[in-house]
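Throughout, residue positions are numbered sequentially from 1 according to the sequence presented. Heavy-atom basis, side chains included; hydrogens, waters and symmetry copies ignored.
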Amino acid sequence: MWASRGLLLLLLLGLLLLWSSGALELSWRPCTDLLPLDLLVRVVPPPSQAPPSQIHMVQSRGSRGLRVSAPLSFSAALLFTHCEHFPEEFSLVVTFKLQQLRPKRNEWLLSLLEEGRERLEARLLLGLRVSRDRLHFLFPEASSGRRRRVTFREVALDDARWHTLSLAVTGHYFSLTVDCGLPLEIKQSRAFPSALSTRGARFYVGSGGQHRGLFSGLLRQLVLLPGSDASLQLCPSSDPSVSELSVPPALKTRPVQTQGKAYPYEAEVRVTGGTRPACTGLEEGQLWFNTGLKALYLCEGLDWTPLLHSRQRLDYVDDYQDLYTNSESFDVEVFTIPNEGLFLATANRDSRSGSGIYKWILGSFQKYQNISTHEARAWKHFSISGKHFLVVANSGEVQPERSVVYRWSPSRRLFVQHQTLDTHSALDWEAFHIHNHSFLVVANHRRAQDSDHHIDSVLYRWNPLTKRLEEHQSLRTVGAYDWEFFSVRQYHFLVVANTFDGSTTSVSSTIFIWNQGRFQHFQDIPTQGAVDWEAFSFEGRYFLAVANSQRVSETGPSDYNINSTIYELHPLTLSFLRFQDVLTHSAVDWEFFTVGDERFLVVGNSHDGSSYSLNSVIYRWQGYEGFVPVHTLPTFGCRDWEHFSTADGSFLVYSSATSRLSKVFRLKTY
């Protein structure tokens with residue numbers, strides 16, 4: 001009995017010696033402990049040690065990440081100490097931020113390569129890489145050694161935002177969880193190898209090896225978790241895009257200087273001061289502080305978008321740019337196309353030279369495109385489903401009379417013809433949206449063959465199936481000159497400026513209200529040669545300003561020095577009532593704008609009966625006193641005013657109907 005016990009003890013002692021010497025491996029013993037293995041910490045020294053030169057720490061959206069400038073690697077033997085086989089079941093957790101990739105471009109997050117082989121012979125044992133809207137996991141087949149790839153599609157990870165993904169691998173099953181969302185699962189015919197040897201292998205962080213390029217984004221977390229689905233530990237999370245399993249200490253605390261060296265540390269968003277810097281793709285997301293305006297701007301697309309302004313007050317108006325147009329201009333339209341910039345369209349009288357499109361470049365408008373027009377009277381910019389359009393009001397008496405809709409072509413970066421519409425001496429277009437439907441209304445002034453001013457104007461509606469504007473409703477107008485759309489809470493209105501009935505300018509203009517899918521009559525307002533309406537609101541009050549151009553009748557001379565009127569919506573009578581009269585001289589346009597907390601109206605005075613060289617006037621809101629004059633601007637044949645703002649400041653531009661010279665004024669503030 002004692003002899004048999006002695007033999008058993010000797011046998012167990014022998015097995016223990018063999019196991020400890022490595023001659024015997026037990027199949028049930030795991031190659032690693034079932035704890036998170038931080039791969040980043042193997043290449044990132046702690047804050048107390050001097051950092052390597054190829055690592056830069058970047059602060060982005062409240063979290064810190066690493067940007068690598070050279071391949072970072074370490075031996076797989078540092079992880080696999082008990083045996084040399086990669087775990088059969090495991091999870092990979094990665095937190096990263098990546099700008100949009102070009103089509104067909106792939107970037108490696110992690111790779112495991114055999115060490116000591118030449119570049120062309122290097123064998124990939126494991127890889128994780130990202131491309132546009134896809135994530136790829138690569139590994140060799142157990143039998144043939146050929147490379148297998150598991151691809152998760154429609155996962156947009158290159159959107160310049162932090163993302164945390166967990167890839168769980170169990171035999172034939174591969175499951176991906178992004179930002180604690182619903183897992184995406186793929187079953188493969190070939191399972192992940194159950195005995196993938198890591199002998200002589202090397203991990204590469206942020207690259208596919210020495211010669212396979214570097215990850216261009218930021219890395220914050222890179223963890224291997226053997227034998228478990230890491231999403232169970234990551235989720236739920238209060239901030240799933242940066243949920244943590246194991247993050248290197250250097251990324252959790254601000255870097256400290258050690259022995260004269262510190263981690264290269266920067267904020268991904270840098271602030272530039274001084275004069276206006278360039279805003280291109282390289283500066284995307286950067287900030288600029290305009291010291292003159294005391295304002296902060298963000299580079300977005302190709303232009304600086306204001307983020308924060310100090311409280312400004314209008315000081316004076318300065319002559320800024322002489323804008324020479326193809327011929328006399330009846331109208332200017334200022335608009336922005338995202339990722340392209342600020343544009344201005346001029347409606348020019350001369351059909352031979354057409355009309356011009358200008359672009360704001362380095363602080364001024366420069367000629368960009370010329371478009372053929374026939375005595376153009378107005379432009380209108382509008383957008384539908386992310387596409388941008390310009391429609392011109394052609395008033396030339398050519399047969400047939402047609403106005404044209406142009407569409408912005410992103411590939412050609414020009415406006416191209418989209419659709420023609422039959423019009424009658426068209427003088428204006430107005431575009432608007434009601435309940436997700438897009439509309440366009442034309443101001444038909446008169447019929448060419450008999451000069452009849454009693455002619456309907458037409459409301460068009462966008463058909464999303466045909467991608468065309470189609471007639472929706474005819475609206476009764478008399479010598480229509482201008483349309484203005486506005487909304488009061490849930491109600492929608494159109495007001496037309498009726499100018500002339502063939503014998504007199506004492507013609508009422510009409511406000512229409514949207515009801516049951518059509519515009520219906522709401523209110524008539526007496527006007528004198530009305531050529532423009534301007535709708536604006538503030539502090540819960542709603543206003544309409546009309547520009548009365550002249551008093552003309554068959555019995556007496558024309559009178560150009562008459563009142564234009566500002567109306568206010570009265571909440572009890574539910575109608576617009578006279579609020580303020582303003583003496584104007586053949587007023588042709590009102591423009592409402594704000595500077596800081598102050599509100600202004602500028603009126604375009606065009607003619608006093610003897611001269612076209614007149615002062616246009618800026619009025620400021622003075623509460624109980626209404627709008628009072630504060631600035632006069634010398635203009636010549638003024639026809640239209642537009643206000644716009646850029647990173648260079650706030651501006652007014654007017655068009656001249658009697659000269660090729662239009663002007664841009666800068667609003668100087670303090």
Side-chain angles (χ1 to χ4, degrees), residues 331 333-338 345 347 376-395 401-408 415 417-445 455-498 509-523 530-537 542 544 569 576 592 642:
D331 177 70
E333 175 80 350
V334 181
F335 57 95
T336 299
I337 298 178
R377 299 301 293 264
W379 284 102
K380 189 64 182 180
H381 166 262
F382 60 98
S383 60
I384 300 175
S385 301
K387 293 181 172 57
H388 293 266
F389 299 86
L390 265 182
V391 57
V392 63
N394 285 324
S395 65
E401 292 185 81
R402 286 178 178 170
S403 295
V404 185
V405 181
Y406 296 88
R407 183 187 72 256
W408 175 259
F415 282 99
Q417 184 170 314
H418 178 79
Q419 181 181 2
T420 59
L421 299 170
D422 292 334
T423 54
H424 301 279
S425 297
L427 297 185
D428 184 57
W429 287 99
E430 180 73 342
F432 53 92
H433 303 275
I434 298 178
H435 305 318
N436 297 323
H437 296 292
S438 301
F439 296 91
L440 193 68
V441 61
V442 63
N444 283 327
H445 188 63
I455 180 172
D456 289 349
S457 294
V458 180
L459 175 69
Y460 297 87
R461 177 175 169 178
W462 178 262
N463 187 329
L465 298 179
T466 62
K467 302 293 191 296
R468 289 292 186 270
L469 290 158
E470 300 174 352
E471 287 193 23
H472 180 74
Q473 181 184 359
S474 293
L475 296 166
R476 194 63 181 169
T477 55
V478 182
Y481 212 101
D482 178 69
W483 283 105
E484 180 82 349
F485 173 81
F486 62 98
S487 297
V488 178
R489 293 183 287 273
Q490 72 271 28
Y491 301 103
H492 308 287
F493 298 88
L494 265 179
V495 57
V496 63
N498 288 325
S509 294
T510 304
I511 303 176
F512 299 88
I513 186 171
W514 180 261
N515 185 27
Q516 297 182 348
R518 300 177 68 83
F519 280 103
Q520 300 178 9
H521 179 274
F522 177 76
Q523 182 183 355
V531 295
D532 178 69
W533 283 101
E534 180 78 354
F536 56 95
S537 64
Y542 298 86
L544 277 176
L569 180 63
F576 282 91
F592 176 79
E642 287 288 325

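To the nearest 0.5 Å, atoms CZ (Arg407) and CG (Leu390) are separated by 12.5 Å. Atoms CZ and NE2, from Arg461 and His437 in turn, are 4.5 Å apart once rounded to the nearest 0.5 Å. In this structure, OG in Ser537 is found 10.5 Å from CZ in Arg489, a value given to the nearest 0.5 Å. Interatomic distance, Ile384 CD1 to Phe439 CZ, rounded to the nearest 0.5 Å: 10.5 Å.
Residues Leu440 and Val391 are in side-chain contact: their nearest non-hydrogen atoms beyond the backbone lie under 4.5 Å apart. Between Val496 and Val441 there is no side-chain heavy-atom pair separated by less than 4.5 Å. Side-chain contact between Thr510 and Asn498: present, with at least one pair of heavy atoms (C-beta onward) separated by less than 4.5 Å. Within the 4.5 Å cutoff, side-chain heavy atoms of Phe382 are placed close to those of Val405. Between His418 and Tyr406 the shortest side-chain heavy-atom distance does not fall below 4.5 Å. With a 4.5 Å cut-off on side-chain heavy atoms, Phe389 and Trp462 count as touching.
Shown here is Gln490, whose CD atom has more than 12 heavy atoms of other residues, nucleotides or ligands within 6.0 Å.
The two residues Ser457 and Val442 make their nearest non-hydrogen contact at CB-O, 2.9 Å. Closest non-hydrogen pair, Asp532 versus Ala497, comes out as N-CB, 3.9 Å. For Thr423 against Asn394, the heavy-atom pair with the smallest separation is OG1-O, 4.1 Å. In this structure, Asp482 and Trp533 approach most closely via the heavy-atom pair OD2-N, 3.0 Å.
The salt bridge (charged side-chain N to carboxylate O under 4.0 Å, His left out) search around Arg476 returns Asp456, not counting sequence neighbours. Applying the side chain to side chain contact (heavy atoms under 4.5 Å, CB included) criterion to Phe522, with sequence neighbours excluded, gives Phe493, Ile511, Ile513. Contacts of Gln520 classified as side chain to side chain contact (heavy atoms under 4.5 Å, CB included), with partners at least two apart in sequence or in another chain: Asn515. With sequence neighbours excluded, the residues forming a side chain to side chain contact (heavy atoms under 4.5 Å, CB included) with Ala347 are Asp331, Ala376, Trp379, listed by chain and number. Arg402 pairs by the salt bridge (charged side-chain N to carboxylate O under 4.0 Å, His left out) definition with Asp422, not counting sequence neighbours. Partners of His492 by side-chain hydrogen bond (donor to acceptor under 3.5 Å, both in side chains), not counting sequence neighbours, listed by chain and number: Ser487. For Thr466, the side chain to side chain contact (heavy atoms under 4.5 Å, CB included) partners two or more places apart in sequence, or in a different chain, are Asn463, Arg468, Glu470. Every residue meeting the ring-ring contact (aromatic ring centres under 6.0 Å, His included) condition with His445, not counting sequence neighbours, appears here in chain and number order: His453, Tyr481. With sequence neighbours left out, the side-chain hydrogen bond (donor to acceptor under 3.5 Å, both in side chains) criterion links Ser509 to Thr527. Every ring-ring contact (aromatic ring centres under 6.0 Å, His included) that Phe536 has, sequence neighbours left out, goes to Phe543, Phe592, Phe627.
Ring pair Phe519/Trp514 is perpendicular by interplanar angle, where above 60° counts as perpendicular and below 30° as parallel.
Without hydrogens or angle criteria, Glu401 side chain to Ser425 main chain gives a donor-acceptor distance under 3.5 Å.
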For a quick test of your reading: what N or O donor-acceptor pairs under 3.5 Å do the side chains of residues 426-433 make, sequence neighbours left out?
from, atom 1, to, atom 2, distance (Å)
Asp428, OD2, Trp483, N, 2.9
Trp429, NE1, Val392, O, 3.1
Glu430, OE2, Phe485, N, 3.0
His433, ND1, Ser438, OG, 2.9
His433, NE2, Ser383, O, 3.3

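Residue pairs meeting the salt bridge (charged side-chain N to carboxylate O under 4.0 Å, His left out) criterion with at least one member in residues 510-521, sequence neighbours excluded, do not occur.
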Working note: His381 + Trp408, criterion side-chain contact (heavy atoms from CB on, under 4.5 Å); need CA distance, chi angles, decisive distance, verdict. CA-CA 10 Å; His381 166 262; Trp408 175 259; over 6 Å; no
